[in-house]
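Within every chain, numbering begins at 1; the chains are lettered A, B, ... in the order of the sequence lines, protein sequences first and strands thereafter.
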There are 2 protein chains.
Amino acid sequence: METILNILQKFSNIPQESLERFVRKLQETNIPKGGFLIREGEICDRLSFIQKGFVRSYYFKDNKDITISFSMQGEFIASMASFISQKPSYETIEALEHCHLYQISYQDLMDLFEKDSHLEHLYRLILEQYYVALEEHLIFSKFKTAKERYLELMENQPHIIQKAAVGQIASYLDMSLETLSRIRASI
Amino acid sequence: METILNILQKFSNIPQESLERFVRKLQETNIPKGGFLIREGEICDRLSFIQKGFVRSYYFKDNKDITISFSMQGEFIASMASFISQKPSYETIEALEHCHLYQISYQDLMDLFEKDSHLEHLYRLILEQYYVALEEHLIFSKFKTAKERYLELMENQPHIIQKAAVGQIASYLDMSLETLSRIRASI
DNA sequence: CTGATTTTTTGATTTTTATCAATAGTTCTC
DNA sequence: GAGAACTATTGATAAAAATCAAAAAATCAG
């Protein structure tokens with residue numbers, strides 16, 4: 001299994017000392033299946049690295065929920081808009097399976113950035129990757145039909161299909177759960 | 001009219017010296033209406049600040065084009081995926097009206113970040129704002145009906161409706177131009 | 001293990017939106 | 001300023017997907 005150190009080292013050849021400074025601020029947390037990393041209305045004051053597990057981030061609309069993203073081990077997750085602005089989150093993030101996380105608080109991270117510009121550099125690189133991924137997701141949903149979107153998800157992120165419920169995947173792919181169920185039957 | 005200095009100063013209280021270092025690397029460029037900031041297939045090696053003007057960024061699909069975003073004066077624009085990775089762009093960015101730009105090359109920007117961490121800090125803050133805006137756009141398109149999407153655009157970014165063609169706005173809002181035309185007739 | 005609850009599938013129908021096609025309006029060029 | 005080229009509107013129809021409803025399957029709790 002990849003450690004957080006392995007993953008961070010891939011982003012840039014940042015001094016070992018800086019990485020250690022970062023790792024010292026991490027807190028280990030476990031969230032059981034069905035538990036929450038952040039709930040709508042709370043301020044997201046922690047950035048989490050998923051060491052092991054699988055999470056879903058979603059919004060409420062009327063009394064339904066709409067999936068915004070899925071994240072798995074090796075990825076960072078936070079309600080980004082809330083974390084960045086330190087204002088209440090519109091997003092809820094739940095553990096779809098037991099999660100083993102390493103978390104850093106907003107304040108600790110900002111303090112580290114002031115003390116050590118290598119860490120802000122690293123964060124910048126990670127943020128850029130996440131920006132590009134988000135842009136790709138936006139474009140992907142504009143360009144494809146319902147069936148193509150499902151097939152591409154199967155191709156690129158089969159673990160989502162294994163682990164998430166049909167209704168959760170359907171709203172992620174912008175279709176009703178009945179439509180997704182029919183697409184599944186047709187292939 | 002707001003200068004680039006005014007806008008940057010809003011993001012953080014970065015030393016004047018750093019700002020001046022950045023501004024010295026900017027190159028002034030004018031792009032006529034209908035001209036291009038970047039074309040599909042080229043590597044986007046410049047980040048542009050729009051001092052005056054209005055641009056549209058789009059992808060080609062089959063022989064049609066699909067609008068990804070509009071940007072106006074006071075905003076930064078680049079084909080971000082290409083700029084970040086320094087690989088060819090899938091995106092084309094055209095000037096919908098005469099544009100007065102300040103541009104910095106990728107290499108100059110990276111060099112500045114190495115020399116002056118205040119500038120990387122500033123860039124990080126700007127990137128965060130753009131990340132949040134992108135996320136909002138993604139969520140917005142998931143939550144609303146065709147008519148709601150148009151009404152919200154009218155409310156929040158009426159300049160787009162003034163300046164862009166119906167077909168360009170329609171693909172931005174994820175609908176056919178006929179549907180948008182009918183929505184316009186109905187309100 | 002078994003009944004209860006939740007999730008998924010399937011069917012019938014309606015709604016929404018896309019597509020195709022023709023006309024009207026605008027703007028560009030010479 | 002007249003004709004050409006492009007853009008927008010309107011109409012008719014088709015296709016895609018949503019909604020409503022019920023049955024089947026899977027999962028959970030005791």
Side-chain angles (χ1 to χ4, degrees), chain A residues 32-36 54 56 58-67 70 92 94-98 139-154 158-187, chain B residues 32-36 54 56 58-67 70 92 94-98 139-154 158-187:
Chain A
K33 180 173 177 171
F36 296 93
F54 187 58
R56 176 174 80 108
Y58 58 92
Y59 277 60
F60 289 103
K61 185 196 186 182
D62 309 326
N63 23 17
K64 290 178 180 176
D65 61 65
I66 296 183
T67 302
F70 296 100
T92 295
E94 74 167 315
L96 292 189
E97 50 184 47
H98 181 94
I139 289 156
F140 159 81
S141 43
K142 266 185 194 287
F143 272 68
K144 310 279 179 176
T145 65
K147 187 165 181 175
E148 286 169 342
R149 295 199 296 281
Y150 181 71
L151 290 173
E152 198 152 317
L153 189 72
M154 254 178 86
H159 60 279
I160 292 179
I161 291 161
Q162 313 301 319
K163 292 177 176 178
V166 171
Q168 296 171 343
I169 299 169
S171 66
Y172 180 63
L173 295 176
D174 251 324
M175 61 184 80
S176 70
L177 74 165
E178 293 93 336
T179 296
L180 180 53
S181 181
R182 278 183 251 267
I183 287 171
R184 282 154 71 104
S186 80
I187 56 176
Chain B
K33 181 175 176 169
F36 296 93
F54 188 57
R56 176 173 81 106
Y58 58 92
Y59 276 58
F60 288 103
K61 186 197 185 181
D62 308 325
N63 24 16
K64 291 179 180 178
D65 62 66
I66 297 183
T67 303
F70 296 101
T92 294
E94 74 168 313
L96 292 189
E97 51 184 45
H98 181 95
I139 289 156
F140 158 81
S141 43
K142 267 185 194 284
F143 272 68
K144 310 279 177 175
T145 65
K147 188 166 181 174
E148 286 170 342
R149 295 200 296 279
Y150 182 71
L151 290 173
E152 199 153 314
L153 189 72
M154 254 179 86
H159 61 278
I160 291 179
I161 291 162
Q162 314 299 318
K163 291 177 177 178
V166 171
Q168 296 171 341
I169 299 169
S171 66
Y172 180 63
L173 295 177
D174 251 322
M175 64 185 79
S176 71
L177 75 165
E178 293 94 335
T179 297
L180 179 53
S181 182
R182 280 182 251 267
I183 287 171
R184 283 153 69 104
S186 78
I187 56 176

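Straight-line distance from the NZ atom of B:Lys64 to the C1' atom of C:dC20: 11 Å, rounded to whole Å. Atoms OH (A:Tyr150) and C1' (D:dA17) sit 17 Å apart, rounded to a whole Å. Atom-to-atom, CD1 of B:Ile66 to P of C:dA18 comes out at 12 Å; the value is rounded to the nearest Å. The interatomic distance linking A:Lys147 (NZ) with D:dA15 (P) rounds to 16 Å, in whole Å. Between the CD atom of A:Glu178 and the P atom of D:dC20 there is a distance of 10 Å, given to the nearest Å. Remark: C1' of D:dA17 and CZ of A:Arg149 are 10 Å apart, rounded to the nearest angstrom. A straight line from CE of B:Met175 to C1' of D:dA8 spans 15 Å, rounded to a whole angstrom. Rounded to whole angstrom, the span from the CG atom of A:Leu180 across to the P atom of C:dT8 amounts to 9 Å.
To the nearest 0.5 Å, atom CD of residue A:Gln168 and atom CG of residue A:Asp65 are 7.0 Å apart. Atom CZ of residue A:Phe143 and atom CG of residue B:Asp174 lie 10.0 Å apart, to the nearest 0.5 angstrom.
Taking side-chain N and O atoms only, A:Thr179 has no distance below 4.0 Å to OP1 or OP2 of D:dA17. Applying the 4.0 Å criterion to OP1 and OP2 of C:dT9, one finds that A:Arg184 has a side-chain N or O inside that range.
Ranking C:dT7, D:dT10, C:dT9 by closeness to the A:Ser181 side chain, first place goes to C:dT9. When distances are taken from the side chain of A:Ser176 to each of D:dT19, C:dT7, C:dT19, the shortest belongs to D:dT19.
Taking 4.0 Å as the cut-off between side-chain N and carboxylate O, B:Glu94 and B:Arg56 count as a salt-bridged pair.
Taking the six-membered ring where the residue is Trp, A:Phe54 and A:His159 present perpendicular rings, their angle passing 60° and hence far from 30°.
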